[in-house]
Every structure is written in C-alpha cells, then in structure tokens.
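Take a look at the structure below.
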Amino acid sequence: IMSNPARVEEAEQLLLQVLEDEPKNAGALSLLVVIYDQTGDEVAAQAMFDRYTHAIRPGMTRALVMAERAIALEQMKHAVQVLDEVINLDEQGVLPGPALTGDQASALLQYIETADANRDTDALYVAMVRRFPDHAGLNNALGYRWTVQDKNLLQAKAMIERALKENPTSHSILDSLAWVHYKLGQLDEAKATQSRALMVLEALLARIRGPQFDLPDELTAEFAATTAILNDHMGDILYKLGEPREALDHWRVAAKQRYTEEEMRLDPELRTLEARVTAKIDAMANDQPVLVAPVPGPDAHGPEGHPSDLKPADQAPEG
C-alpha cells in the first residue's frame, strides 16, 4: 500500500492499528517513520523514530539504525559520535546485546566512511577482516580499497578470491578480482574475469527489468553507477591489451550512465569517473594516447597471503 502515494493515509492507519495491539512492534514503527519522512512531518517522524529505537534491543543494531538515520538527515557529527561510541564499547568488550556480526561490522565501516570521508579506516578494516576472515563483504571491501590505492595487491587478491568463494555470482566481487588482476599486470586474467562480471550484471538487469518483475526505471537506476564502473574498467583492460576499438565501446557505455550527486558524494571513484571516461573518448577521437589506470610495479605487491594469516610484523606498514 505504501508504494502507492494515494494510499499513504490508509497505510498509516493500518500501522497505527498494529501499534494499538503491539506498541513495540519495530516493523510498524520503522514503516511509520518512512511515511512521516515522505509526507514531511518531521516532528512525527522523529517521535516515531525514538519509539522505534527504544523497541530495538540495545547494542550494535540500535547504533547502526541511529547512525543510518543521522547520515540520511546529514547530521554527520552525530553519526560519528554514535559510531565511535559503539566501536569503543565493542573494543572494551562491554557492548550490550549480541556479539558483533560480520554483516554489522561491514555496515559499521561503510557508515563511518560515509559520515567522515577524511577518516583513515585502514586499521579498522584490517581488524575486522582478521576478526571475520571469511566474510565476503569485508574481504571485498578491503581488497578493492587496497587495489584502488595500489598497495598490498597480493593480500588484496587473496581477500577478493576468498570473498568470491563465499559469493561466486557477485558482479561487484568479480569486478574487484578483474581489477586486481589488472593492477598485477595479469591482463588476460583481468579480461576473462571482467567479461564474467559484465555477463552477470547484464543477466541481473535483464531479469529485474523482465516481465517477472517489470520494475520501473527509477528502481533500477542504482545500477547505473555500477554499469559505468564495470565498463570503464573493461575499457582500460582492453586498451592495455591492444584492443582500443573494443575499449572505446565500453567507455561509451560508461559515459551514457547517469548517477546521482549523492552517489558521487559517497563513492570517491564516481566523483571523477565521468571526467576520466570523457577524456579517454576524446583522446581516441583525436588519435591521441589514452591515459588509463596505471599498472604499478612490484613495490605495490606487498606480502603474500590473507591478512588473517600474517603476523603483525609481516603486514605492510600501510595496513
């Protein structure tokens, strides 16, 4: 009912009826927060959110819910305070509620980076990867992070491969693996892996836009940024392999994608993607060399193995 703007009042009444019988029903409370946010009733939204957070068991889940809302309201200072407090409690072993999970750790790190873009979270990422060595999200996040930064590439590859083992049909993890192959100069492997990533993404888009789901474009627009990144990477890989015309096709696909200012604000790679792709296309049009992502030398490879297998003394200084 909530998906139909004309029936918002009906949805509100149904949820309020639920709360008459179950005053602490977290699901109903959270949906009412959404309704009041949509209708612009800030006072009611905040009051319902306060009830919602008190209905959730104290601990990491409550903290993440509070941080997520603070970020949505652009109250970044408050979000950082909430996240720092929960990290300190967790490190001291006095965090109330259930123990931290890998999924919660992954969300925690994403929120910290969103709330404080200038914060160096490498040490936190390494600690969480060692704590949850088989978590796909954490392994992929740190592995891709180091790949983009041209450091600890062998460890990055080990993490991404472990993430792919846990989630073998993820286009984003396949893209990460292709990109670390590229950075290690393994161009044939990079091409083969990125081809798989694009095939998985295209199959996903075809399915969610097909008759079974028939989702409107605005609900699938979130894939525009992903489509742009994957095609930009494939273009660089093909260009390095001496296939400039094929590379150009992928850069043109990347250039057609339209993503939001919010996505660019949260993802450093997206902030310069449009300008970089445009520069590559222009260079091709003028028969000039194209400036693609660099392939760093052996100094960027770092120690071999997964971070959880290395002693602190073996870990590269950056990590």
Side-chain angles (χ1 to χ4, degrees), residues 59-65 67-68 71 79-80 82-93 95 97-117 119-181 183-184 193 197 200 225-226 229-230 266-270 302-312 314-319:
M60 185 63 69
T61 299
R62 182 185 287 184
L64 292 177
V65 166
E68 182 180 28
I71 291 168
V80 170
V82 170
L83 295 165
D84 280 341
E85 180 180 358
V86 75
I87 289 171
N88 289 334
L89 291 174
D90 177 63
E91 289 176 344
Q92 295 171 27
L95 182 69
L100 177 69
T101 67
D103 286 345
Q104 289 174 335
S106 181
L108 176 70
L109 291 167
Q110 290 176 39
Y111 289 156
I112 288 175
E113 291 186 316
T114 302
D116 186 357
R119 185 164 177 171
D120 183 1
T121 55
D122 258 23
L124 271 175
Y125 264 106
V126 172
M128 291 304 177
V129 166
R130 286 177 172 161
R131 189 165 169 181
F132 304 99
D134 294 320
H135 190 272
L138 289 168
N139 274 298
N140 185 56
L142 182 55
Y144 186 72
R145 176 192 186 94
W146 280 353
T147 299
V148 172
Q149 295 174 355
D150 292 341
K151 70 181 186 183
N152 299 339
L153 295 178
L154 292 176
Q155 287 186 82
K157 184 170 177 283
M159 284 187 283
I160 295 166
E161 287 175 338
R162 190 171 295 194
L164 190 62
K165 184 178 180 180
E166 296 297 316
N167 191 355
T169 59
S170 168
H171 58 268
S172 62
I173 298 176
L174 285 165
D175 172 64
S176 298
L177 183 57
W179 205 230
V180 78
H181 277 311
K183 292 289 186 172
L184 287 167
T193 305
V200 170
T226 301
I229 291 172
L230 264 64
L266 299 179
D267 188 340
E269 190 170 8
L270 285 176
E304 190 169 357
H306 189 274
S308 64
D309 300 328
L310 298 174
K311 297 177 182 178
D314 298 328
Q315 178 67 45
E318 296 91 344

Shortest non-hydrogen separation from [X] to [Y] and the atoms involved:
{"X": "A136", "Y": "I173", "result": "CB-CD1, 4.4 Å"}
{"X": "A79", "Y": "A67", "result": "CB-O, 4.0 Å"}
{"X": "P168", "Y": "L174", "result": "O-CD1, 4.5 Å"}
{"X": "G302", "Y": "L154", "result": "O-CD1, 3.6 Å"}
{"X": "A105", "Y": "L100", "result": "N-CD1, 3.8 Å"}
{"X": "D175", "Y": "A197", "result": "N-CB, 3.8 Å"}

key: side-chain contact (heavy atoms from CB on, under 4.5 Å), paired with W146, selected from I160, D122, V180   = D122
Could you give the distance from [atom1] ([X]) to [atom2] ([Y]), rounded to the nearest 0.5 Å?
{"X": "S308", "Y": "Q155", "atom1": "OG", "atom2": "CD", "result": "9.5 Å"}
{"X": "T147", "Y": "H181", "atom1": "OG1", "atom2": "NE2", "result": "10.5 Å"}
{"X": "I87", "Y": "L124", "atom1": "CD1", "atom2": "CG", "result": "5.0 Å"}
{"X": "Y125", "Y": "S106", "atom1": "OH", "atom2": "OG", "result": "6.5 Å"}
{"X": "T226", "Y": "H171", "atom1": "OG1", "atom2": "NE2", "result": "4.5 Å"}
{"X": "M159", "Y": "L142", "atom1": "CE", "atom2": "CG", "result": "3.5 Å"}

query = Just checking, any donor-acceptor pair under 3.5 angstrom between side chains of Q110 and T114?
reply = no
key: Worked verdict on V86 versus R62 for side chain to side chain contact (heavy atoms under 4.5 Å, CB included)   = CA-CA 10 Å; V86 75; R62 182 185 287 184; over 6 Å; no
message = Before you tell me yes or no, could you show the steps for R162 and H135 under side chain to side chain contact (heavy atoms under 4.5 Å, CB included), namely the whole-Å CA-CA distance, both residues' side-chain angles and the distance that decides it to 0.1 Å?
response = CA-CA 8 Å; R162 190 171 295 194; H135 190 272; over 6 Å; no
inquiry  = Between L109 and E113, is the side chain to side chain contact (heavy atoms under 4.5 Å, CB included) condition met? List the steps.
reply    = CA-CA 6 Å; L109 291 167; E113 291 186 316; 5.6 Å; no
query = Can any side-chain N or O of N139 pair as donor or acceptor with the backbone N or O of P133 at less than 3.5 Å?
reply = yes
request  = Applying side chain to side chain contact (heavy atoms under 4.5 Å, CB included), run through E85 and N88 and close with a yes or a no.
outcome  = CA-CA 5 Å; E85 180 180 358; N88 289 334; 5.7 Å; no
ask   = If you count the non-hydrogen atoms of other residues, nucleotides and ligands that lie under 6.0 Å from CD in E304, is the total more than 12?
value = no
request  = For residues R131 and L138, determine if any side-chain heavy atom of one lies less than 4.5 Å from a side-chain heavy atom of the other.
outcome  = no
message = Any salt bridge linking E161 with K157? Criterion: basic side-chain nitrogen under 4.0 Å from a carboxylate oxygen.
response = yes
